[in-house]
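Let me begin by presenting the structure, written as structure tokens, before commenting on it.
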Amino acid sequence: MPEGHTIHRIARDQTADLVGGPVHTATVQDRFADGAARVDGRTIERIEAYGKHLFQWWEDAEVLHVHLGLFGKWTRRTSPPPPPAGEMRLRLEGPAHTWDLAGAITCRLVGPAERDEVVAGLGPDPLRRDAKPERMWARLSRSRQPVGSLLMDQTVIAGIGNVYRSELLFLVGVHPTRAGRDVTRDEFDRLWAETRHQLQLGVRRNRIVTRRPEELTRSAPKARPEDALYVYHREHCRWCGSPLDVLPLAGRRTWACPVHQT
DNA sequence: CGATTATGATTAA
DNA sequence: TAATCCTAATCGC
């Protein structure tokens with residue numbers, strides 16, 4: 001279940017597994033049969049992630065655009081893979097490993113221009129070297145919207161989802177109901193830095209663990225799922241035990257500590 | 001075995 | 001704001 005870190009990790013792993021040699025495709029869903037057939041046996045030149053979007057640059061300027069949505073999943077298997085299961089939408093078979101896609105909200109073959117259009121509609125992605133935080137600041141500092149909603153808006157910042165939203169605002173001590181324009185420049189700088197740091201950790205671990213390492217080693221070195229987070233989906237603040245605020249923002253629930261977040 | 005829920009996003013109302 | 005699409009795991013009965 002993906003936020004930006006998941007997609008960047010997939011781009012990295014797929015690059016190692018699939019880029020450079022011919023890739024055999026297959027599908028069991030008619031929906032994408034045409035696209036799969038079109039690139040079958042061809043080579044992937046490059047794979048990039050932008051926010052929650054994945055772009056595979058196939059030879060001859062064919063770009064496979066995949067967005068997992070809430071349910072989508074890439075599954076990595078060893079090649080040769082078992083016969084495809086029922087819900088699989090696309091299979092990419094490389095020499096040593098095969099990637100199966102299921103449940104994606106978007107899976108389509110486009111050209112570079114359409115890839116650029118998608119990217120143009122996204123805010124800066126803190127995991128990319130070319131990210132420009134000033135673009136996010138420009139939106140945030142002018143908006144009356146609550147910062148909890150702005151963080152979920154992919155045109156403001158690309159790659160944040162419901163877990164990171166709650167956790168990041170907790171880590172920088174900003175309450176999600178605060179208007180974007182009431183976030184100070186200093187708070188924004190810390191938010192951006194924390195976001196970059198946490199997403200980078202997420203890519204490395206392939207999992208969201210926002211809790212500070214020193215705390216984790218004390219309580220549970222392996223970070224059981226219930227130890228990984230400070231506020232998301234919790235009833236009480238992990239630091240002070242206060243009952244958390246639970247707010248619907250941008251159509252999803254957000255959790256915040258009324259003591260540590262102002 | 002059906003209802004509920006989940007780290008997403010677009011479209012219609 | 002609500003309905004809708006995508007899928008799988010979990011929970012209550």
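Fair warning: this is a prediction, and the values are worked out from it, not measured in the lab. Just so we're on the same page: letters track the sequence lines, and every chain starts at 1.
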For DNA chain B, which consecutive runs of 3 or more Watson-Crick or G-U pairs (each distance under 3.5 Å) count as stems?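 Stem segments, range with range: B:1-6 with C:7-12, B:8-12 with C:1-5.
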Relative to each other, are the rings of A/Trp99 and A/Trp74 parallel, tilted or perpendicular (30° and 60° limits)?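 Perpendicular.
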Look at the aromatic rings of A/Phe55 and A/His65 and report parallel, tilted or perpendicular, splitting at 30° and 60°.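 The arrangement is parallel - the two ring planes meet at less than 30°.
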For DNA chain B, the residues among [range] that have a non-hydrogen atom under 4.0 Å from it:
| range | result |
| --- | --- |
| residues 119-127 of chain A | none |
| residues 63-77 of chain A | A/His67, A/Gly69, A/Leu70, A/Phe71 |
| residues 151-163 of chain A | A/Gln154, A/Gly161, A/Asn162, A/Val163 |

Whole-Å distance between [N] [atom2] and [X] [atom1]?
| X | N | atom1 | atom2 | value |
| --- | --- | --- | --- | --- |
| A/His53 | B/dG8 | NE2 | P | 12 Å |
| A/Leu249 | B/dG8 | CG | P | 14 Å |
| A/Ile10 | B/dG8 | CD1 | P | 14 Å |
| A/His5 | B/dG8 | NE2 | P | 10 Å |

Would you name the heavy atoms of A/Ala228 and A/Arg207 that are closest together and state the gap between them?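 That closest heavy-atom pairing would be CB-NH2, 3.7 Å.
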Give me the atom names and distance for the closest heavy-atom approach of A/Glu59 to A/Thr43.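 Of all heavy-atom pairs spanning A/Glu59 and A/Thr43, the closest is OE2-N, 2.7 Å.
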N/O contacts under 3.5 Å, protein versus nucleotides 2-5 of chain B?
none

So, the side chain of [X] versus the backbone of [Y]: is there a donor-acceptor pair under 3.5 Å, distance only?
| X | Y | value |
| --- | --- | --- |
| A/Gln56 | A/Leu64 | no |
| A/Gln154 | A/Gly159 | yes |
| A/Thr27 | A/Arg89 | yes |

Excluding sequence neighbours, so at least two apart, what forms side-chain contact (heavy atoms from CB on, under 4.5 Å) with A/His233?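 Only A/Arg253, A/Trp255 meet the side-chain contact (heavy atoms from CB on, under 4.5 Å) criterion with A/His233.
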Residues forming a side-chain contact (heavy atoms from CB on, under 4.5 Å) with A/Ala26, sequence neighbours excluded: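 A/Ala26 satisfies side-chain contact (heavy atoms from CB on, under 4.5 Å) with A/Arg91 once adjacent residues are dropped.
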Give me the distance, rounded to whole Å, that separates [N] from [M] when you measure between the [atom1] atoms they each carry.
| N | M | atom1 | value |
| --- | --- | --- | --- |
| C/dT4 | B/dA3 | P | 16 Å |
| C/dA3 | B/dT4 | P | 14 Å |
| C/dA8 | B/dT10 | P | 23 Å |

What pairs with A/Phe71 under ring-ring contact (aromatic ring centres under 6.0 Å, His included), at least two apart in sequence or on another chain?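 With neighbours one apart ignored, the set is empty.
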Under 4.0 Å from any heavy atom of chain A: name the first and the last nucleotide of DNA chain C that qualifies, 5' to 3'.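 Here the contact window of chain A covers C/dC6 to C/dA8.
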Is a salt bridge present between A/Arg115 and A/Glu48, judged by a nitrogen-to-oxygen distance below 4.0 Å?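 Yes.
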What I want to find out is whether A/Asp34 reaches A/Arg38 closely enough, with some N-O distance under 4.0 Å, to be called a salt bridge.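 No, no charged N to carboxylate O under 4.0 Å.
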Side chains of A/Leu169 and A/Gln261: does their closest heavy-atom pair fall under 4.5 Å?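 Heavy-atom side-chain distance check passes, below 4.5 Å.
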Can you find a pair of side-chain heavy atoms, one from A/Val183 and one from A/Leu191, that are under 4.5 Å apart?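 No, too far: nothing below the 4.5 Å cut-off.
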Can you pull the salt bridge (charged side-chain N to carboxylate O under 4.0 Å, His left out) pairs that have at least one residue in residues 2-20 of chain A, sequence neighbours excluded?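 Pairs touching residues 2-20 of chain A that pass the test: A/Arg9-A/Asp13, A/Asp17-A/Arg76.
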If a pair satisfies salt bridge (charged side-chain N to carboxylate O under 4.0 Å, His left out) and one of its residues is in residues 150-175 of chain A, list it, with sequence neighbours excluded.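 Sorted pair list: A/Arg139-A/Asp153.
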Partners meeting side chain to side chain donor-acceptor pair (under 3.5 Å) with A/Thr177 (sequence neighbours left out):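 If we apply the side chain to side chain donor-acceptor pair (under 3.5 Å) test to A/Thr177, skipping adjacent residues, the hits are A/His175.
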A/Arg185 atom CZ: more than 12 heavy-atom contacts under 6.0 Å: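 Yes, the 6.0 Å shell around CZ holds more than 12 heavy atoms from other groups.
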Touch class at under 4.0 angstrom, heavy-atom based, for A/Arg165 against every strand present: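 Contact class for A/Arg165: none.
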